[in-house]
Asks: 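Just passing along the structure, written as structure tokens.
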Amino acid sequence: MNYFSSQLNKFYSYNPRLEREKHLLVPIVLIIILFIVIIFRAPQLFSSNGIGGAIIVVTPLILASLALTPIALVGRGGVDLSVGPLIGFINVSLVAWLVGNGFTSPFLVVSYVLGAGILYQVIVAAIIIYVRVSPIIVTLSGYLVLTGVNLTIMDRPSGFSPEWMFEWGYGAEILSPIFFILFGMIIIWFLFSRTVFYQQILLTGADERMAFASGINTVAARFGAHIIAGIFAGMAAFTYTALISSGDPTQGNTYTLAAITAMVLGGTSPAGGIGGGLGSVLGSINMYMISYVLS
């Protein structure tokens with residue numbers, strides 16, 4: 001076993017790119033195993049309706065896990081425990097405040113979900129950075145506060161999503177609007193991960209003091225990570241609203257544990273500096289496939 005480990009480490013040392021991406025080994029192997037199991041146990045998943053339904057169900061989880069990823073990468077053990085209630089808050093406030101009052105313009109709806117997600121994450125980042133409270137305490141407090149606020153806005157599942165979104169939740173076709181939203185958000189993450197700013201987030205998470213000594217604005221890196229998280233959380237809430245076609249004050253909470261599990265399964269370390277968006281996407285797909293096989 002020791003010999004195998006030493007040879008594997010030597011292999012990675014000769015391949016710097018593989019060294020950076022070796023956290024993807026586990027989710028890739030797991031997804032292959034689950035793919036084989038599903039072929040024999042539940043081949044209907046690979047039909048048009050099966051894939052279409054899978055896309056509409058897994059998209060909010062993928063986007064939620066991507067929302068957690070930059071916050072984890074930037075370090076200090078930053079895992080946003082409030083991402084589930086945040087998705088729920090955007091969902092119920094969208095249905096109750098906007099749609100309930102007749103504001104259903106697609107531009108207005110998308111602007112609202114993005115603005116709400118970014119504003120919340122900026123507030124969280126400011127408390128963590130300037131008040132110097134541990135991220136786990138801030139986000140756990142946010143979880144509790146948002147859970148109560150959601151139930152105040154809507155005490156039970158009710159209301160309707162915008163009319164133009166009704167058919168999105170059917171999952172009857174592969175190339176649905178949700179597919180293009182997911183594809184677009186993954187492209188945005190891909191482009192973001194190729195920027196210098198993304199590298200600054202990774203360096204800050206790996207060693208904040210060294211990053212600061214190297215001239216990196218670590219405060220800007222943390223704010224930027226939370227802003228990116230707010231964008232993806234807002235779109236997760238948007239696709240979640242399309243999935244259920246109504247408002248639900250409690251169901252969004254389940255995304256916290258699922259998204260954290262998907263992110264960690266994808267190889268992103270909550271300690272910072274290790275991981276990436278591709279792992280979170282693969283981890284989310286694995287989570288869906290596991291639940292599909294078990295059911």
Asks: Please answer whether the main-chain N or O of L151 pairs with a side-chain N or O of D155 as donor and acceptor at a distance below 3.5 Å.
Replies: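 A pair under 3.5 Å: no.
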Asks: Is a side-chain donor-acceptor pair under 3.5 Å present for S93 with Y112?
Replies: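 On atom types as modelled, these side chains qualify, holding a pair under 3.5 Å.
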Asks: Do V138 and L119 share a hydrophobic cluster, counting only Ile, Leu, Val, Met, Phe, Trp and Tyr and linking them when any side-chain heavy atoms are less than 4.5 Å apart?
Replies: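 Per the 4.5 Å side-chain linkage, V138 and L119 are co-clustered.
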Asks: Would you please classify the geometry between the Y292 ring and the Y288 ring as parallel, tilted or perpendicular, with 30° and 60° separating the classes?
Replies: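 The rings of Y288 and Y292 sit tilted, inter-plane angle from 30° to 60°.
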Asks: Side-chain heavy atoms under 4.5 angstrom apart, residues restricted to Ile, Leu, Val, Met, Phe, Trp, Tyr: same cluster for L191 and L63?
Replies: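 The answer is no; the residues belong to distinct hydrophobic clusters.
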Asks: Could you check whether Y198 and F190 have their ring centres less than 6.0 Å apart?
Replies: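 Ring centres of Y198 and F190 not closer than 6.0 Å.
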Asks: Does the D248 side chain pair with the main chain of V92, one donor and one acceptor, at a distance under 3.5 Å?
Replies: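 Not confirmed, D248 side chain does not pair with V92 backbone.
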Asks: Using the rule that Ile, Leu, Val, Met, Phe, Trp and Tyr join whenever any side-chain heavy atoms are under 4.5 Å apart, tell me whether L66 and I55 fall into a single cluster.
Replies: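 Shared cluster, yes.
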Asks: Can you tell me how the ring of F192 sits relative to the ring of F197, calling it parallel under 30°, perpendicular over 60° and tilted otherwise?
Replies: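 Geometry flag for F197 against F192: tilted rings.
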Asks: Same cluster or not: are V145 and I87 linked, directly or through other Ile, Leu, Val, Met, Phe, Trp or Tyr residues, by side-chain heavy atoms under 4.5 angstrom apart?
Replies: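 Same hydrophobic cluster.
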Asks: Quiz question: by atom type and distance under 3.5 Å, do the side chains of Y120 and S82 form a donor-acceptor pair?
Replies: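 Checked: Y120/S82 side chains pair up, N/O donor to acceptor below 3.5 Å.
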Asks: Output side-chain donor-acceptor pairs under 3.5 Å for residues 228-240, partner residues at least two apart or in another chain, one line each.
Replies:
| residue | atom | partner | partner atom | Å |
| --- | --- | --- | --- | --- |
| T239 | OG1 | M235 | O | 3.1 |
| T239 | OG1 | A236 | O | 3.0 |

Asks: Just checking, is any N or O donor in the side chain of S280 or T69 under 3.5 Å from an acceptor N or O on the other one?
Replies: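 Per modelled atom types, S280 and T69 side chains form a pair under 3.5 Å.
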Asks: Side-chain donor-acceptor pair under 3.5 Å between T139 and D80, yes or no?
Replies: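 Absent: no donor and acceptor within the cut-off.
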Asks: I'd like to know if the side chain of W164 reaches the main chain of T104, judged simply by a donor and an acceptor atom lying under 3.5 Å from each other, with no hydrogens or angles considered.
Replies: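 Yes; at least one donor-acceptor contact below 3.5 Å.
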